[in-house]
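Notes to accompany the following structure.
Read the numbers this way: they start at 1 and go in the same order the structure lists the ligands and their atoms.
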Amino acid sequence: MEKCIFCEIADRRIPSNIIYEDEDFIGFLDVNPLNAGHTIVVPKAHIRWTYDVERFGDYWEVAKAIALAAIEALEAKFVNFITAGLGVPHAHIHVVPRFENDGHSELPVFGNVKKIPKEEMIQIAEKLKAAIAKNPPKKAVAAMAEKAEEIKEVKEKAPAEKRSKEDIEYIRREIESG
Ligand SMILES: [Zn+2]
């Protein structure tokens with residue numbers, strides 16, 4: 001099986017500041033961050049493109065949880081998601097927290113790397129980890145089931161709908177009896 005630098009990080013043969021991990025995905029701080037908290041999210045398996053990832057919804061739920069963590073724990077103003085894929089031939093989503101006057105444009109400028117001391121990188125990772133633990137990524141399939149259940153409950157509780165059915169029935173009887 002093909003291996004690359006992201007596979008090495010996922011296998012922990014190359015050390016990194018890992019902020020999130022589950023059975024399929026791992027998120028770690030980019031060593032050349034475009035901003036504090038810049039994270040790379042990858043599937044653990046060596047998969048070429050993001051759209052080749054089978055559990056695509058769950059993959060992006062991880063990116064979302066990291067983004068929300070950056071907003072909460074690092075006070076990011078907003079967050080960019082970037083997925084291109086020519087740099088390393090292993091699916092990856094860049095999660096880039098954005099701040100006031102951070103030297104980037106609407107999208108991050110890829111040459112504008114921030115020098116963040118090692119100690120600070122560790123602190124950033126700890127903050128993000130704690131925030132993600134408080135608000136972990138939803139599993140997309142589970143979230144859909146939850147939503148369907150919510151809709152069902154609302155429908156069952158809706159008296160208006162019941163009433164309208166009775167109304168229709170009443171009207172139908174009225175018509176039949178002439
Ligand atoms: Zn790989």
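Taking a 4.5 Å side-chain heavy-atom cut-off between Ile, Leu, Val, Met, Phe, Trp and Tyr, the cluster of I40 extends to I5, F6, I9, I14, I18, I26, F28, V42, V88.
F25 has its ring centre less than 6.0 Å from the ring centre of Y59.
Atoms of the protein (N, O or S only) found under 2.8 Å from the Zn ion (ligand 1) are C4 SG, C7 SG, H46 ND1, H90 ND1.
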**Study point:** Audit row: N80, H94, side-chain contact (heavy atoms from CB on, under 4.5 Å) steps and yes/no
**Key:** CA-CA 8 Å; N80 286 141; H94 290 273; over 6 Å; no
**Study point:** D102 vs K77, salt bridge (Lys or Arg N to Asp or Glu O under 4.0 Å): CA-CA, chis, key distance, verdict
**Key:** CA-CA 10 Å; D102 60 5; K77 218 176 151 221; over 6 Å; no
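Scanning for salt bridge (charged side-chain N to carboxylate O under 4.0 Å, His left out) contacts around D52 gives an empty result, with sequence neighbours left out.
Pairs of residues two or more places apart, or lying in two chains, that qualify as side-chain hydrogen bond (donor to acceptor under 3.5 Å, both in side chains) and include a residue from residues 131-142 are E72-K134.
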